[in-house]
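Below: the structure, in structure tokens.
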Amino acid sequence: MLYALIHTIHIFSVVIYGGFLFVDILFLSKMKQTLDGDEVKIAREAIMMHVRKVVPYALMIAVASGIYLFTQVFGKIGPHGMSTFQEALSIKAFLGLWLGLRGTNQKLFGINPWLFKSHLFPFTLVVIIIFLSQAIYL
Ligand code: HEM
């Protein structure tokens with residue numbers, strides 16, 4: 001029951017976090033095509049001021065709930081090494097933790113990522129993580 005609840009929280013938080021990245025990459029980045037430089041800044045800020053209040057926390061909840069799920073399903077490593085499930089889950093967890101660390105540093109400590117400043121990098125990682133999240137069941 002608790003697992004199902006945390007799993008649902010995990011899915012909702014990754015939808016909010018990943019959803020914003022999809023919208024940003026697919027649609028908001030296109031504002032440049034119709035607005036000029038200052039208008040883009042104003043329009044983007046009008047959206048980002050609300051994004052900053054929600055999306056970084058959704059990422060933190062995704063990581064915290066992911067860590068809980070991980071402890072419940074990873075299981076013991078057998079004598080022949082990790083199963084495909086454990087391997088795929090480890091890579092997925094590593095990428096998720098990396099995103100979480102990056103986002104938390106930025107939000108709580110004001111440390112801006114010096115590498116990959118655009119949202120294309122987290123977007124790409126989220127796409128890979130979503131594929132891996134399904135690959136763990138293969
Ligand atoms: C932004 C980062 C993350 C994204 C986008 C993400 C995405 C997902 C998705 C799409 C699922 C599949 C849900 C389903 O099909 O029911 C999932 C499940 C899972 N995630 Fe994450 N996740 C993230 C971070 C993490 C982290 C950091 C961990 C662990 C440290 C983690 C551990 C898990 C586990 C253990 C499951 C599967 C549980 C199961 O179905 O048995 N996730 N995640």
Side-chain angles (χ1 to χ4, degrees):
M1 177 62 196
L2 182 63
Y3 186 87
L5 180 69
I6 307 277
H7 194 179
T8 310
I9 292 173
H10 190 66
I11 293 172
F12 267 115
S13 54
V14 302
V15 165
I16 295 170
Y17 173 69
F20 165 67
L21 292 173
F22 272 78
V23 169
D24 191 28
I25 295 294
L26 296 180
F27 309 118
L28 300 186
S29 63
K30 305 287 189 299
M31 283 194 296
K32 299 194 254 318
Q33 293 175 5
T34 44
L35 302 177
D36 70 32
D38 276 348
E39 287 172 333
V40 171
K41 263 195 201 142
I42 294 168
R44 200 176 158 79
E45 185 49 31
I47 295 167
M48 289 307 290
M49 61 190 279
H50 301 291
V51 167
R52 280 185 216 108
K53 289 183 202 154
V54 176
V55 173
Y57 300 108
L59 173 60
M60 290 175 208
I61 293 171
V63 171
S65 54
I67 291 171
Y68 170 80
L69 297 177
F70 187 94
T71 61
Q72 302 304 300
V73 296
F74 189 78
K76 283 214 159 55
I77 297 176
H80 305 297
M82 285 203 257
S83 62
T84 317
F85 172 80
Q86 289 170 326
E87 278 173 2
L89 185 57
S90 303
I91 302 170
K92 177 210 136 79
F94 172 79
L95 297 179
L97 289 170
W98 182 5
L99 277 180
L101 193 70
R102 191 175 181 271
T104 308
N105 270 342
Q106 192 171 357
K107 182 70 194 171
L108 299 184
F109 309 113
I111 305 172
N112 281 316
W114 47 275
L115 205 56
F116 309 114
K117 276 193 171 208
S118 92
H119 281 155
L120 193 61
F121 173 68
F123 170 80
T124 311
L125 282 193
V126 165
V127 172
I128 296 172
I129 290 175
I130 291 174
F131 275 115
L132 282 171
S133 302
Q134 301 311 309
I136 59 178
Y137 302 112
L138 294 178

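Counting starts at 1 for both ligands and their atoms, in listed order.
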Between Tyr137, Phe85, Tyr17, which one has a non-hydrogen atom sitting closest to atom 40 (O) of ligand 1? Tyr137
Determine whether a donor-acceptor pair (N or O, by modelled atom type, separation under 3.5 Å) exists between the side chain of Glu45 and the backbone of Ile42. no
Between Phe94 and Trp98, what is the ring plane arrangement, given parallel below 30°, perpendicular above 60°, and tilted in between? tilted
Note: ligand 1 atoms sitting under 4.0 Å from heavy atoms of Leu97 are 27 (C)
Within a distance under 4.0 Å of any heavy atom of Leu89, pick out the atoms of ligand 1 and give their elements. 34 (C), 35 (C)
Are Phe22 and Val55 connected in a single hydrophobic cluster, I mean Ile/Leu/Val/Met/Phe/Trp/Tyr linked by side-chain heavy atoms less than 4.5 Å apart? yes
One checks atom 21 (Fe) of ligand 1 and counts protein N, O or S atoms under 2.8 Å, reaching 2
Is any side-chain heavy atom of Val73 closer than 4.5 Å to one of Tyr3? yes
With a 4.0 Å cut-off on heavy atoms, is Phe74 in contact with ligand 1? no
Expected output: side-chain Ser65 to main-chain Ala62 donor-acceptor under 3.5 Å: yes
4.0 Å heavy-atom contact, His7 with ligand 1: yes
Gap separating the NZ atom of Lys53 from the NZ atom of Lys107, nearest 0.5 angstrom: 9.5 Å
Structural part of Tyr3 in contact with ligand 1, heavy atom criterion under 4.0 angstrom: side chain
Are Tyr17 and Met60 close enough, and set up right, to give a side-chain contact (heavy atoms from CB on, under 4.5 Å), and what steps lead you there? CA-CA 9 Å; Tyr17 173 69; Met60 290 175 208; over 6 Å; no
Under 4.0 Å, heavy-atom basis, I'd like to know which part of Leu95 is in contact with ligand 1: side chain, backbone, both or neither. neither
I want to know whether Phe20 and His119 have ring centres closer than 6.0 Å. yes
For Val73, atoms of ligand 1 separated by under 4.0 Å from a heavy atom: 35 (C), 41 (O)
With a 4.0 Å heavy-atom cut-off (strictly under), which part of Ile67 contacts ligand 1: side chain, backbone, both or neither? both
Between Gln72 (side chain) and Leu69 (backbone), is there a donor-acceptor pair under 3.5 Å? no
dist Arg44:CZ -> Leu35:CG (nearest 0.5 Å) comes out at 12.0 Å
Report, in ascending order of atom number, the atoms of ligand 1 lying under 4.0 Å from any heavy atom of Gln134. 12 (C), 15 (O)
Please could you name the atoms of ligand 1 that Leu59 approaches to less than 4.0 Å, counting only its heavy atoms? 1 (C)
Say you draw a straight line from CG of Leu95 to CD1 of Ile128; how long is it, rounded to the nearest 0.5 Å? 6.5 Å
